[in-house]
Amino acid sequence: METDCIAPARPRSRADGWLDWVQMATGAALALFACMHMIFLSSVLFGAGALNGMSAVMDALHLETVGGVLIAIVFCVHATVAARKIPFKAAQAATAWRHARLLHHPETWAWVAQVVTAFILAVFITIHIWTGLTDLPVQALKSAVRVQHGGWFGVFLLVLPALALHLVIGAWRAGVKWGLITRENRADITRKGLYLLGGFLCLSLLTLLRFRLLPLE
């Protein structure tokens with residue numbers, strides 16, 4: 001279901017089509033980065049040295065700085081383009097919620113979940129990107145200090161499920177919109193999406209717990 005179905009109908013222009021492509025492309029790029037970033041951080045499960053060693057190589061190649069700046073730009077573009085379909089006004093939000101309750105349609109609730117998680121991510125991912133870029137290179141000890149004493153443990157317990165849900169729903173809705181997900185393969189892809197959601201959550205929560213328990217000495 002399109003997010004603008006809640007708002008009053010208006011003629012779609014060629015610009016709308018291009019913006020939809022930009023939204024999908026930047027969303028795909030961010031989803032890929034989120035998965036790669038989590039795999040990178042999960043190396044701490046093999047010890048602080050594993051993460052620090054990978055980070056040292058990336059820092060020597062300036063990948064952390066350049067990649068961080070590029071991702072920040074892509075994140076801003078994606079958030080700006082996607083925001084045009086979010087009901088910021090109270091009346092529009094109330095209408096969207098009323099429609100979701102009346103329709104009881106999975107795609108409508110998926111859209112609601114994506115909007116809610118988008119607000120959560122817009123706040124905390126912005127802070128996370130800023131703190132990360134201003135404290136490079138990534139090191140296990142610095143991450144552990146933030147998790148254990150910087151209040152980020154509770155934040156990530158909220159952000160990680162929101163991120164996983166937002167990514168899976170976004171990919172699923174894009175697939176439906178562009179015809180990649182049909183009635184014939186919907187059940188199979190939905191099941192695989194749930195597996196992906198569970199796997200991402202397990203890996204991210206294990207990594208977070210490892211930072212939580214990592215000695216600070």
Side-chain angles (χ1 to χ4, degrees), residues 1-7 10-42 58 61-88 92-93 96 107-134 136 138 155-156 158-181 189-190 192-194 196-197 199-201 203-204:
M1 175 174 285
E2 285 297 306
T3 54
D4 52 2
C5 66
I6 304 297
R10 61 178 177 80
R12 287 181 60 83
S13 65
R14 180 175 297 181
D16 288 320
W18 280 109
L19 289 174
D20 283 345
W21 275 105
V22 171
Q23 180 178 342
M24 182 179 67
T26 53
L30 291 172
L32 179 61
F33 170 78
C35 294
M36 294 176 62
H37 185 58
M38 185 51 60
I39 292 173
F40 164 65
L41 290 177
S42 67
M58 296 177 65
L61 298 174
H62 304 289
L63 293 178
E64 290 186 344
T65 302
V66 175
V69 172
L70 289 177
I71 286 300
I73 294 173
V74 173
F75 178 78
C76 291
V77 172
H78 180 75
T80 302
V81 174
R84 77 191 196 281
K85 293 185 176 181
I86 295 179
F88 288 100
Q92 292 177 332
E107 292 187 21
T108 304
W109 284 114
W111 173 81
V112 172
Q114 197 173 25
V115 170
V116 172
T117 54
F119 280 111
I120 295 174
L121 297 175
V123 174
F124 293 110
I125 295 299
T126 300
I127 299 173
H128 181 58
I129 290 176
W130 174 257
T131 56
L133 286 176
T134 55
L136 292 174
V138 176
V155 170
F156 280 126
L158 172 66
V159 171
L160 290 173
L163 175 61
L165 190 61
H166 191 81
L167 293 182
V168 171
I169 292 176
W172 186 81
R173 295 183 67 246
V176 171
K177 176 172 183 175
W178 300 104
L180 301 176
I181 298 178
I189 292 180
T190 300
K192 292 178 179 178
L194 292 176
L196 179 62
L197 176 64
F200 185 90
L201 278 176
L203 181 62
S204 59

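FYI, the numbering just counts along the sequence from 1. Everything numeric in this text was worked out from a predicted model, so none of it was measured.
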### Message
On a heavy-atom basis, which atom in Gly170 and which in Gln114 lie closest, and how many Å separate them?
### Response
CA-NE2, 3.1 Å
### For Trp130, all residues meeting ring pair (Phe, Tyr, Trp, His ring centres under 6.0 Å), sequence neighbours excluded
none
## Note on the structure
Taken in chain and number order and not counting sequence neighbours, the residues that satisfy side chain to side chain contact (heavy atoms under 4.5 Å, CB included) with Ala162 are Thr117, Ile120, Leu121
#### Entry: Sequence-distant partners of Val123, side chain to side chain contact (heavy atoms under 4.5 Å, CB included), two or more places apart
Ile127
### Separation of Leu163 CG from Phe156 CZ (nearest 0.5 Å)
10.0 Å
### Query
With sequence neighbours left out, what residues match Ile71 under side chain to side chain contact (heavy atoms under 4.5 Å, CB included)?
Leu30, Phe33
### Summary
Interatomic distance, SG@Cys76 vs CD1@Ile129, rounded to 0.5 Å, equals 7.0 Å
### Query
Would Leu194 and Val168 count as a side chain to side chain contact (heavy atoms under 4.5 Å, CB included) if you check the C-alpha gap in whole Å, the side-chain angles of each, and the deciding distance to 0.1 Å?
CA-CA 8 Å; Leu194 292 176; Val168 171; 6.0 Å; no
### Spacing of CG belonging to Leu63 relative to CG belonging to Leu70, to within rounding of 0.5 Å
10.5 Å
### Message
Counting C-beta onward and ignoring hydrogens, is there a side-chain heavy-atom pair between Val159 and His128 closer than 4.5 Å?
### Response
no
### Query
What closest approach, in Å, do Leu201 and Ser204 show between heavy atoms, and which atom pair accounts for it?
O-OG, 3.0 Å
### Task
Could you pull out all residues at least two apart from Ala113 that satisfy side chain to side chain contact (heavy atoms under 4.5 Å, CB included)?
Leu165, Ile169
#### Entry: Heavy-atom side-chain contact between Asp20 and Val81 under 4.5 Å
no
### Summary
So side chain to side chain donor-acceptor pair (under 3.5 Å) across residues 32-41, not counting sequence neighbours, yields none
### Task
Report the distance from atom CD1 of Ile125 to atom NE2 of His166, rounding to the nearest 0.5 Å.
10.0 Å
### Query
Atom CG in Leu167, atom CG in Leu197: separation rounded to 0.5 Å?
9.5 Å
### Message
Could you measure the distance from the CZ atom of Phe75 to the OG1 atom of Thr80? Nearest 0.5 Å is fine.
### Response
9.5 Å
### N/O donor-acceptor pair under 3.5 Å between Thr65 side chain and His62 backbone
no
### Message
Taking ring pair (Phe, Tyr, Trp, His ring centres under 6.0 Å) as the definition, give me every residue that meets it alongside Phe200, ordered by chain and number, with sequence neighbours left out.
### Response
none
### Task
Taking side-chain hydrogen bond (donor to acceptor under 3.5 Å, both in side chains) as the test, write out the residues that go with Thr190, two or more places apart.
Trp172
### Message
Any non-hydrogen side-chain atom of Leu158 less than 4.5 Å from a side-chain atom of Val155?
### Response
no
### Query
If you look only at pairs with a residue in residues 67-79, which of them pass as a side chain to side chain donor-acceptor pair (under 3.5 Å), with sequence neighbours excluded?
Thr26-His78
